[in-house]
Structures are given as structure tokens and as C-alpha cells.
Amino acid sequence: MPELPEVETIRRGITPWVLEHPVAKVVVRQPQLRWMVSTDLAEHLVGRRFIAVHRRAKYLLLQNEAGWLLIHLGMSGSLRIVPSDLQPDRHDHVDIVFENGRCLRLNDPRRFGAVLWIGERPAEHVLLAHLGPEPLSAEFTGAMLYAGSRGRKLAVKNFIMDQRIVVGIGNIYASEALYRAGIHPALAAGRISRRRYDLLAEAVRQVLTEAIAAGGTTLRDFTNEQGRPGYFAQQLLVYGREGHPCVHCGRPITCETIGQRSSYFCGRCQR
DNA sequence: CTTTACGCCTGACGGC
DNA sequence: TGCCGTCAGGCGTAAA
């Protein structure tokens, strides 16, 4: 489910709630997520306070004096701040309970998410070591996309969804950014010009920034830490709009499967 | 090395 | 009403 704007929305939302108060206990109701939830969570968390909540790619990283806790939301994960005595729902798999009676609760119906204690050197962890640059950092440029794509034949949409190239872009924002840049999603990545990659990098930055400002995209079930939706769905120009007129030229938006994922685009405005 | 297909899971929805 | 197929915002792995 969540891409960078949704994870960033959750990061900002939970930060004031999870700092300051020590962890009282950890409750794991369902340890079998993407990987088994670390069995030593309580040992590292209980009695300690988190000192920062970071985001790297689509991972949340909660830091305390002992090290780092990694949380990934997969396709269907969400985090809520709830009173610790609130009856858990189906799929409420992990609680981190604070001494003030608040609780960070992970719900994840499909269980593609992860909760892992990764110790003291997060950058060296296998899940984080090979990630590309953050799209909202100065490192992310059209020049970098251009250089990294030479000789590559995969579709540009799949190229920008590869987290080793640039992080945080999933199926929604890939379609949206390519539309804004006027680039057909199925074009071979290696055949796109430097100039067009400059446009694409700028489009990625813009769409992600606007989506964060709107609190993310809620299509079916994304909610923030208070259980509230994000409003960027109203600003999506192509994703989920098959058959609706392109806002630029009026031609119906096309949906085609590219790399096993639904891809939305305007066949006239994107070449 | 690159690229593609698949599987992990549950739930919602449409067609019959 | 129920059953079945398809699809869903991610991503690691196997195979070609």
C-alpha cells in the first residue's frame, strides 16, 4: 500500500507520540509477517525511549539508545496511535506500549510488512545497504537517472520503481510522475534522453512533495496514525482513471499492464 | 550481469 | 445467495 508520501505522513504523525515516553511492553500477536518479527524486541525496547523517528525509502526507523527498529508496511500495513487498553482488531499484529498508556499498533491484513530489530548500524543492514538516493534529496537528479539507465531495456516505469535506482516510488506515483513528464511508461529506460530524465526527476519531486502536503493517497485503506485518510487521491491525474478524459487533451486514459502492474497513462500526451 | 514471473497473504468486488 | 476468478499501494527470490 504505502509509498513514500504515505510512509512520510505516518512518520510525521507518530513522531510526537513515540518520543519521550519509555516503552512499557511489546505485544506480538502474530509474529509471521514478511519475516518473523524479531523475538528480542522487548529486550531492546522496554524501559527505553525512542530518540528519533526516521524514514529511509519506505522503511520507518525508530532509534533508541540501543539501536534501531525497522518497520515496513508492505502493501496493507498501517500504524495507529491508540489507548493501550483498546481491544485489538483482527490483523492488529504488534503493539509497542508506552508507559503513558499510549500504544503504537501495527495492523497488516496481508502480512507483507516487517518489524525487525536491526541493531546499531542501520546503513549496513541488508535491507538498507543497496538502496538508491532519496527522491527529495539533492542526490536525486536527471543526470543520475540518465547515467544509470544507459543500456537498460526495461520499461522506464519499472526502472523508476527499482529501489536501487531511486527509493520511495511505487505503482501510483510512478504513473503520476511519468504523466507529468510526458513520458510513455513502457519506453525502454535506456532510450530516454538526458533532457527527458531532467523533466522526470522534477516531476517525481513535485508529485511526491504535493502528495506529502495532502497527507498521502487513500484509495481503499491507507490511513494515518489517527485513522484518517490522505487527500491526494483527488489530485491524481491518471492513476485509477481509466476511460476518464486526460485533463490536458481529453483523450481517455489508458490502463495497460507493464511489468505485471497496472499502468495508467495518456497515449497522446505521453510518448 | 539484466530481466521476467511468481509467490507471499487477506479482502473486496464483479460476473455468473 | 454463494462461489470463483481477479485485483490490490511491495518486494524478495528463482529462473531464464
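Residue numbers begin at 1 in each chain, while the letters A, B, ... track the order of the sequences.
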Contacts under 3.5 angstrom, residues 254-262 of chain A side chains, donor-acceptor by atom type, not counting sequence neighbours:
none

Can you tell me the distance, in whole Å, between the CG atom of Asp221(A) and the P atom of dC13(B)?
-> 11 Å
Heavy-atom pair of closest approach, residues Leu19(A) and Ala52(A) = CD2-N, 3.6 Å
Which donor-acceptor pairs under 3.5 Å do side chains of residues 123-147 of chain A form with protein atoms, sequence neighbours excluded?
from, atom 1, to, atom 2, distance (Å)
His125(A), ND1, Leu127(A), N, 3.0
Glu134(A), OE1, Arg55(A), NH1, 2.8
Glu134(A), OE1, Arg55(A), NH2, 3.2
Glu134(A), OE2, Arg56(A), NH1, 3.0
Glu134(A), OE2, Ala57(A), N, 2.7
Ser137(A), OG, Glu134(A), O, 2.8
Ser137(A), OG, Glu139(A), N, 3.4
Thr141(A), OG1, Ala143(A), N, 3.4
Thr141(A), OG1, Met144(A), N, 3.0

Just call it for Leu219(A): base, sugar-phosphate, or nothing, with non-hydrogen atoms closer than 4.0 Å on any strand.
-> base
For residues 169-179 of chain A, which residues have at least one heavy atom under 4.0 Å from DNA chain C?
-> Gly170(A), Asn171(A), Ile172(A)
dC9(B) phosphate, OP1 or OP2: any side-chain N/O from His91(A) under 4.0 angstrom?
-> no
When rounded to the nearest Å, what value does the distance between P atoms of dC3(C) and dC9(B) take?
-> 23 Å
If you pin Leu127(A) and Phe222(A) to their nearest nucleotides in DNA chain C, which one's is more 5'?
-> Phe222(A)
The side chain to side chain contact (heavy atoms under 4.5 Å, CB included) partners of Gln32(A) (sequence neighbours excluded) come to Gln30(A), Met36(A), Arg111(A)
Leu208(A) and Tyr173(A), any side-chain heavy atoms less than 4.5 Å apart = yes
Say you pick atom P in dT3(B) and the same atom in dG9(C); how far apart are they, in whole Å?
-> 22 Å
Is the shortest heavy-atom distance from the side chain of Asp162(A) to the side chain of Leu154(A) under 4.5 Å?
-> no
Between dC9(B) (P) and Asn107(A) (CG): distance, integer Å | 17 Å
If you look at every strand shown and take non-hydrogen atoms under 4.0 Å, does Arg152(A) touch a base, only sugar-phosphate, or nothing?
-> sugar-phosphate
Those residues of residues 205-217 of chain A lying under 4.0 Å from DNA chain B by at least one heavy atom = none
Specify the separation, in whole Å, of atom CG of Leu154(A) and atom P of dT4(B).
-> 6 Å
Parsed dot-bracket for DNA chain C after applying the Watson-Crick and G-U rules with both distances under 3.5 Å and | for other-strand partners is .|||||||.|||||||
Nucleotide dC9(B), atom P - distance to CZ of Arg90(A) in whole Å | 14 Å
Mind checking whether Arg105(A) and Leu86(A) have side chains closer than 4.5 Å, heavy atoms only?
-> yes
Mind checking what makes side chain to side chain contact (heavy atoms under 4.5 Å, CB included) contact with Lys153(A), not counting sequence neighbours?
-> none
Quick one: Arg220(A) CZ to dG11(B) C1', roughly how many Å, whole number?
-> 9 Å
Work out which heavy atom in Leu45(A) is nearest to a heavy atom in Val26(A); give both atom names and the distance.
-> CD1-CG2, 4.0 Å
Contact class for Phe232(A) vs. all strands (heavy atom < 4.0 Å): base, sugar-phosphate, or nothing?
-> nothing
Could you tell me whether Asp95(A) and Lys25(A) make a salt bridge, using a distance below 4.0 angstrom between a side-chain N and a carboxylate O?
-> no
Range on DNA chain C touched by chain A - first to last nucleotide, heavy-atom distance under 4.0 Å = dA8(C) to dG12(C)
Sub-4.5 Å side-chain heavy-atom contact between Val18(A) and Glu225(A) = no
Check whether any side-chain heavy atom of Ile192(A) sits under 4.5 Å from a side-chain heavy atom of Tyr197(A), and report yes or no.
-> yes
Donor-acceptor list for residues 113-120 of chain A side chains, cut-off 3.5 Å, not counting sequence neighbours:
from, atom 1, to, atom 2, distance (Å)
Trp117(A), NE1, His44(A), ND1, 3.4

In residues 108-117 of chain A, what residues come within less than 4.0 Å of DNA chain B, judged by heavy atoms?
-> Pro109(A), Arg110(A), Arg111(A), Phe112(A)
May I ask you to say what Gln260(A) touches in the nucleic acid, namely base, sugar-phosphate or nothing, with a heavy-atom cut-off under 4.0 Å?
-> base
In chain order, what residues pass the salt bridge (charged side-chain N to carboxylate O under 4.0 Å, His left out) check against Glu210(A), with sequence neighbours excluded?
-> Arg180(A)
When every non-hydrogen atom of Pro2(A) is compared with those of Gly74(A), the smallest separation belongs to CD-O, 3.1 Å
Find the distance Gln30(A):CD to dC9(B):P and express it as a whole number of Å.
-> 10 Å
Would you say Glu176(A) and Leu237(A) make side-chain contact, with heavy atoms under 4.5 Å?
-> yes
Could you list the residues that satisfy salt bridge (charged side-chain N to carboxylate O under 4.0 Å, His left out) with Arg228(A), not counting sequence neighbours?
-> none
